[in-house]
Amino acid sequence: MSETPRRNIDIARLRAHHLTMCRIRALEEAALRGLGDKVVLGAIHPSIGQEAVAAGVVGALRRDDILLSTHRGHGHTLAKGASSEAMLRELFGRVGGNCGGKGGSMHIADFEVGMLGANGVVGANIVIAAGAAHAIKLKGEDKVVCCIFGDGAINRGPFLEGLNWAAVFGLPVLFVCEDNGFAATTRTASMTAGGGPAVRARAIGLPAEEVDGNDVLAVEDTAQAMIAAIRAGGGPRFLHAKTYRLTGHTGVDTAPYRPADEVAARKREEPILRAADLLRGAGVAEAEIEADRIAAEAEMSAAYDAAIAAPFPGPEAAFLDVQDVGSPALGAF
Amino acid sequence: MSETPRRNIDIARLRAHHLTMCRIRALEEAALRGLGDKVVLGAIHPSIGQEAVAAGVVGALRRDDILLSTHRGHGHTLAKGASSEAMLRELFGRVGGNCGGKGGSMHIADFEVGMLGANGVVGANIVIAAGAAHAIKLKGEDKVVCCIFGDGAINRGPFLEGLNWAAVFGLPVLFVCEDNGFAATTRTASMTAGGGPAVRARAIGLPAEEVDGNDVLAVEDTAQAMIAAIRAGGGPRFLHAKTYRLTGHTGVDTAPYRPADEVAARKREEPILRAADLLRGAGVAEAEIEADRIAAEAEMSAAYDAAIAAPFPGPEAAFLDVQDVGSPALGAF
Amino acid sequence: MARISYMEAARQALAEEMRRDPLVWAVGEDLGRGGVFGQYRGLVEEFGSARISDAPISEAAILGASVGAAMMGTRPVVEMRFSDFALCAVDELVNQAAKARFMFGGQTRVPMVVREPIGMWRSSAAQHSQSLESWYAHIPGLVVACPATPADNKGMLKSAIRCDDPVVYMEHKNLWPLEDEVPDGEHLVPFGVARTLREGRDVTIVSWSAQVHVCARAAETLAQHRIEAEVIDLRTLWPWDQETVLASVSRTGRLLIAHEAVQVGGFGAEIAAVTAEWLGAKVRRLGAPRAPIGYAPTVEDAVRVTEAATVAAVREMVGR
Amino acid sequence: MARISYMEAARQALAEEMRRDPLVWAVGEDLGRGGVFGQYRGLVEEFGSARISDAPISEAAILGASVGAAMMGTRPVVEMRFSDFALCAVDELVNQAAKARFMFGGQTRVPMVVREPIGMWRSSAAQHSQSLESWYAHIPGLVVACPATPADNKGMLKSAIRCDDPVVYMEHKNLWPLEDEVPDGEHLVPFGVARTLREGRDVTIVSWSAQVHVCARAAETLAQHRIEAEVIDLRTLWPWDQETVLASVSRTGRLLIAHEAVQVGGFGAEIAAVTAEWLGAKVRRLGAPRAPIGYAPTVEDAVRVTEAATVAAVREMVGR
Ligand SMILES: Cc1ncc(C[n+]2csc(CCOP(=O)(O)OP(=O)(O)O)c2C)c(N)n1
Ligand SMILES: Cc1ncc(C[n+]2csc(CCOP(=O)(O)OP(=O)(O)O)c2C)c(N)n1
Ligand SMILES: [Mg+2]
Ligand SMILES: [Mg+2]
């Protein structure tokens with residue numbers, strides 16, 4: 001895939017994506033370190049190797065657009081504008097985490113920046129996203145909703161129901177299938193019949209395109225065009241971005257179920273390397289490229305130290321934000 | 001649609017279908033009478049006008065093949081070989097009903113003839129049918145499963161999950177979408193995006209065909225070819241049969257939501273008339289055609305009288321066949 | 001006061017709230033033709049099809065989309081048609097709607113009303129007759145309302161629509177035609193406040209939804225046996241009015257809880273347990289046997305909690 | 001006797017039953033690589049991928065297809081991964097599997113085992129930690145099993161596979177590594193027979209699943225206060241062993257029920273209610289507050305039913 005024909009590259013834009021991807025990578029490496037250090041408490045699902053989807057798709061969104069993600073949502077969340085320190089605090093279960101330490105990695109969310117949540121249930125956000133777009137249409141706003149999900153999610157009922165819903169009501173939503181080839185330890189192709197995500201989406205009436213999900217500019221270009229069409233009232237669109245999960249399914253999965261040479265080959269096509277190559281080809285100095293990585297790592301290292309120093313929430317947090325009526329905080333249990 | 005080009009007609013076969021359709025019609029007219037007489041107790045969903053789907057599809061099945069149906073399942077059940085008297089007993093909630101009076105119209109089933117049940121939940125049988133076929137494959141049998149559902153069901157998650165399941169595992173199942181244009185009071189087209197049932201099925205990898213569902217021979221021919229391919233190990237197939245619901249959604253629905261002239265026009269294309277026309281064209285005497293109707297009505301009238309004379313089950317039936325372990329019949333409640 | 005039906009009361013409640021707040025909208029199958037029971041009749045004409053919205057047969061999307069729409073600031077009223085079909089959308093209700101506010105640390109709320117008609121209704125059999133209110137009472141984050149009268153169906157539906165929590169709102173299908181007086185003007189019934197419909201010193205009978213009317217009739221019969229039963233309509237199962245119930249049982253010393261739902265694991269158990277824990281009072285429950293609901297009237301009736309059973313249970317407790 | 005883990009016990013049970021009966025097969029996501037927790041490790045090598053079958057992420061199809069496959073005479077063991085994800089297949093379990101035999105008038109049976117791992121497990125938060133066993137105990141047609149020990153996880157899983165009813169089989173995720181003795185040879189544990197793991201005259205403590213171990217530790221502590229607690233592991237919630245529980249409470253006069261699930265509407269309420277109805281004994285429950293389960297350990301721990309809470313509750317009941 002590295003032979004993609006050279007385009008006229010907007011260096012500043014590519015540079016920004018490169019930085020975003022480096023930041024995502026560094027954040028997740030920090031999270032993995034946290035797992036080793038036993039400060040990350042629950043499961044984490046790294047998106048290492050998939051950063052171009054996050055950077056490209058989210059790069060095409062406005063800040064007031066809405067994003068919904070998956071259990072593998074760190075990259076999407078960071079790209080949408082969440083603070084890395086708040087995210088690490090959340091992963092560490094601390095005060096000042098995006099969800100006050102009550103959600104953790106699988107429920108990371110930042111409503112301030114329009115990020116309406118990861119989800120622990122595969123595919124669940126597809127219908128929720130359709131509904132968020134429904135509200136936007138009812139209110140007459142011009143926001144767009146973007147819902148990212150994995151290739152495994154296209155076999156769940158809400159995929160059909162959510163896409164049909166969005167199409168029937170002509171809602172402003174971009175569905176993005178972030179296809180990393182796997183659903184946990186299962187090769188998705190082995191459990192998915194037919195022509196794939198885009199073919200399914202088209203059958204439900206959504207214009208759909210496939211894109212090289214490791215090519216951040218291609219992702220952004222395609223997403224941008226689709227989002228423009230959606231914002232213009234064209235109804236929902238579907239983007240199938242093909243990428244590869246370089247790590248195991250979770251932070252502790254060593255992925256023995258796939259050959260090392262497959263992973264090695266895919267590593268050579270990973271999006272940060274490819275962006276760096278493009279930058280180099282466009283004449284950007286090695287030191288500048290390196291500076292992105294260094295900046296990203298410095299940011300995450302500082303965030304890590306700050307997060308680890310933050311306190312855990314008190315037990316009373318267990319009873320807050322459950323509900324207004326009959327709240328356990330009122331002793332109603 | 002009455003201008004379908006004339007084929008070389010197998011008169012005996014068409015005659016048999018005509019009789020089956022007349023029997024279904026007469027059964028449902030008896031059921032409607034029972035509703036008026038307040039001996040049919042719960043809701044019934046007549047399939048008047050849709051009889052060619054039942055006769056044609058089920059006509060293509062072997063007796064030991066398996067059938068699953070919908071809430072609108074009288075025709076399918078009768079065509080599969082259930083006794084009309086047992087069916088009316090079931091609708092009247094009596095002893096000797098197929099389900100001992102415990103199921104009623106929406107749960108009518110006759111496992112003796114391979115009819116594994118109507119279902120009160122739209123779309124629910126799609127995954128159950130896939131599983132029935134899964135068992136057949138595991139056991140190495142050569143039976144085929146046929147699952148009939150409505151056009152409304154294609155918007156429920158189990159449609160996607162069940163079709164994908166059948167395709168992934170290469171199961172012997174024929175999915176039949178009996179498209180009568182409506183989901184209760186809603187025109188299905190208004191709530192369904194994309195190219196329709198067959199397009200969706202193809203996108204999930206199932207060979208799919210559309211057929212004039214009021215042409216019993218066309219339905220049977222198409223189903224027959226598909227079932228042969230399935231039985232030969234070709235995996236699941238999908239049949240989209242277009243028909244029209246001449247009655248309201250239920251026995252008490254007068255369907256004010258659609259214009260009378262639409263219904264009148266569709267009445268002229270209804271399958272029993274069309275089969276009779278074909279028989280006439282092939283030289284069958286009017287009296288013979290009429291004899292089918294008369295025989296069917298006589299059968300149902302006798303069945304009605306017998307059913308109405310049957311007793312209700314005793315209250316102990318409420319506690320039987322719940323479960324073996326912790327059964328309420330053992331006082332375990 | 002006007003005399004209207006339980007169904008009309010809900011229709012009025014929804015219409016009033018939709019007039020009051022443009023962010024309130026309703027969605028479900030067949031709503032544009034008045035809904036399956038007619039409880040939305042006339043509303044699409046007033047509010048248009050965007051706010052009285054039809055839906056595909058997609059329970060997961062109906063409920064799940066409403067979660068998203070609620071998080072984005074609208075207030076959906078979700079019609080599930082039969083509570084049985086809501087079982088096609090349990091992830092959306094229990095894992096998503098009920099937990100979003102908590103797991104996102106208070107960043108969002110999910111103000112939605114999930115209408116789930118419950119109960120036995122003319123030979124509807126095992127998939128159209130269930131009463132699963134105790135399930136939702138067990139789920140943190142949810143409010144559970146079970147109105148028994150036209151007045152309550154008006155006042156509670158209005159409260160549900162104004163509530164910022166997801167409310168599982170369970171109307172009883174057999175009550176649709178029931179007529180009774182409903183207060184004029186703005187009528188709101190708060191959650192968690194039971195209604196004592198009859199006072200009595202011998203026994204406390206607690207119930208909700210259609211079963212309240214059975215209990216009321218039983219209380220009449222009991223009076224002929226010189227047994228004075230206090231009858232309490234709980235109205236909401238979560239929150240439930242422990243104060244009223246415990247105060248009543250403190251006076252009467254005896255508690256019978258009656259509900260149409262299966263007895264095993266029904267919400268009667270919760271009330272019995274709380275009462276036993278706090279008062280050590282004599283408790284007794286009446287619920288359905290642990291069996292699905294059959295079609296034949298004899299079979300259906302066999303699992304019904306009847307007036308006679310209620311009377312017999314109380315007489316045994318009181319000893320006369 | 002061999003010392004094996006709770007996970008290995010289940011693995012052996014399934015392997016033995018699959019060897020015994022060629023109609024037994026298992027299906028779920030990732031089973032071909034041993035399952036999400038490793039509880040299927042090595043099985044695909046012995047039985048092949050048709051009988052240890054992978055599945056798409058299609059919970060409704062996993063459960064619903066198994067209903068069809070069970071009606072057609074096979075005996076599926078269905079892996080739901082986390083009981084939380086089973087909420088994506090509630091129609092299939094509750095409206096279909098549980099009711100098919102009844103509503104079809106006994107024409108079919110649905111012999112299937114639905115494995116739904118429950119419970120809190122290392123900061124898994126609100127969508128991966130739930131214990132909803134009381135839901136299924138409320139549903140006619142279902143059997144509900146909650147093994148607490150390796151021996152029971154072997155003997156009960158085998159019984160579940162042989163049972164002709166649909167069984168909701170809830171293993172506790174925290175127990176996977178727990179090791180203990182398991183009887184050699186054919187080991188079957190019948191449903192509805194509780195296990196008294198400690199005898200005592202002062203109070204009866206009833207529990208199930210992982211909470212049993214907390215109660216056992218609490219009983220040790222109580223002994224130091226000269227309080228002799230009888231500890232009963234219920235093993236199955238439906239059917240549940242009323243006889244053993246009531247006989248014990250008749251002796252001790254006091255009952256504490258402890259479970260990890262939310263207290264409101266938990267199955268403890270059913271046991272408390274039955275006991276209060278039959279014996280009028282002093283009852284007390286310990287369950288989680290009605291709140292979702294949070295990620296941070298402090299938040300997670302705040303809803304845990306601890307040994308200390310158990311000890312305190314009993315001491316208060318006994319008065320010393
Ligand atoms: C409904 C549901 N079923 C199963 C799971 C367990 N699970 C978590 S992630 C995952 C794989 C998802 O694959 P995909 O959608 O491709 O996303 P990816 O992990 O590859 O990003 C599974 C099966 C779940 N969380 N929710
Ligand atoms: C899951 C579910 N949702 C809603 C209903 C209520 N309902 C019963 S029949 C019906 C319409 C079904 O339409 P279609 O599938 O086209 O079948 P038809 O009635 O036209 O034969 C609806 C909405 C139901 N039974 N199950
Ligand atoms: Mg994937
Ligand atoms: Mg239809």
Side-chain angles (χ1 to χ4, degrees), chain B residues 66 68 90 97-104 106-112 116-117 119-121 123-139 141 143 145 156-158 160-162 164-166 168-169 171 313 317-318 320-328 330 332-333, chain D residues 22-23 25 27 50-51 53-74 76 88-89 91-92 95-110 137 140-144 159 163-167 190-192 236-240 242:
Chain B
I66 301 300
L68 293 97
E90 189 58 36
N98 313 70
C99 307
K102 287 160 71 166
M106 275 196 283
H107 307 301
I108 207 145
D110 188 343
F111 281 64
E112 281 283 298
L116 265 52
N119 207 307
V121 180
N125 265 347
I126 299 177
V127 287
I128 296 176
H134 209 131
I136 288 170
K137 185 167 181 188
L138 281 170
K139 296 203 273 182
E141 297 172 345
K143 293 177 190 166
V145 174
R156 279 211 60 226
L160 168 64
E161 297 195 11
N164 183 63
W165 190 278
V168 160
F169 294 106
L171 303 178
L320 294 178
D321 285 316
V322 176
Q323 60 193 117
D324 293 336
V325 177
S327 162
L330 305 172
F333 60 87
Chain D
L23 291 171
W25 61 296
V27 61
R51 290 182 67 204
S53 180
D54 279 350
I57 309 181
S58 302
E59 279 70 17
I62 295 172
L63 219 153
S66 297
V67 174
M71 296 201 310
M72 289 293 288
T74 70
C88 301
D91 171 57
E92 290 72 17
N95 284 333
Q96 314 297 339
K99 297 184 173 58
R101 177 175 168 192
F102 178 89
M103 69 192 174
F104 297 143
Q107 294 185 75
T108 191
R109 295 186 175 220
V110 186
L142 298 179
V143 172
V144 183
S159 294
C163 181
D164 284 335
D165 301 321
V167 178
F191 291 158
T236 50
L237 298 199
W238 194 264
W240 68 279
Q242 296 196 11

Chain D contact via [X] - which portion, at a heavy-atom distance below 4.5 Å:
X	value
B/Leu138	side chain
B/Lys139	side chain
B/Ala166	neither
B/His107	both
B/Ala317	backbone
B/Ala129	neither

Is there a side-chain contact between [X] and [Y] in this structure, where contact means two heavy atoms from C-beta onward sitting under 4.5 Å apart?
X	Y	result
D/Arg109	B/Asp324	yes
D/Ile62	D/Glu92	no
B/Val145	D/Met72	no

Exercise for the section: Would you mind checking if D/Asp164 and D/Arg101 are paired as a salt bridge, meaning a charged N to carboxylate O distance below 4.0 Å? Expected result: no

Among D/Gly106, D/Pro190, D/Gly192, D/Ala100, the residue with the most heavy-atom pairs under 4.5 Å to chain B is D/Gly106

Comparing D/Val67, D/Val167, D/Asp91 against chain B, the one with the most heavy-atom pairs below 4.5 Å turns out to be D/Asp91

Less than 4.5 Å to any heavy atom of chain B: does that hold for the side chain of [X], its backbone, both, or neither?
X	value
D/Leu23	side chain
D/Val27	side chain
D/Phe104	both
D/Trp25	side chain
D/Ser53	side chain

Counting N and O atoms only, with roles assigned by atom type, does the side chain of [X] sit under 3.5 Å from a partner on the main chain of [Y], one being a donor and the other an acceptor?
X	Y	value
D/Trp238	B/Gly326	yes
B/Glu161	D/Ala60	yes
D/Thr74	B/Ala135	no

Scored by heavy-atom pairs under 4.5 Å with chain D, the best of B/Leu68, B/Asp110, B/Val168, B/Ile126 is B/Asp110

Counting heavy-atom pairs under 4.5 Å with chain D, the top scorer among B/Asn119, B/Ile136, B/Leu320 is B/Asn119

Check: Just by distance, with hydrogens left out, do D/Gln107 and B/Asn98 show a side-chain donor and acceptor under 3.5 Å apart?
Finding: no

Open item on the list: Can you confirm whether B/Glu141 is buried at CD, in the sense that more than 12 heavy atoms of other residues, nucleotides or ligands lie under 6.0 Å from that atom?
Closed with: yes

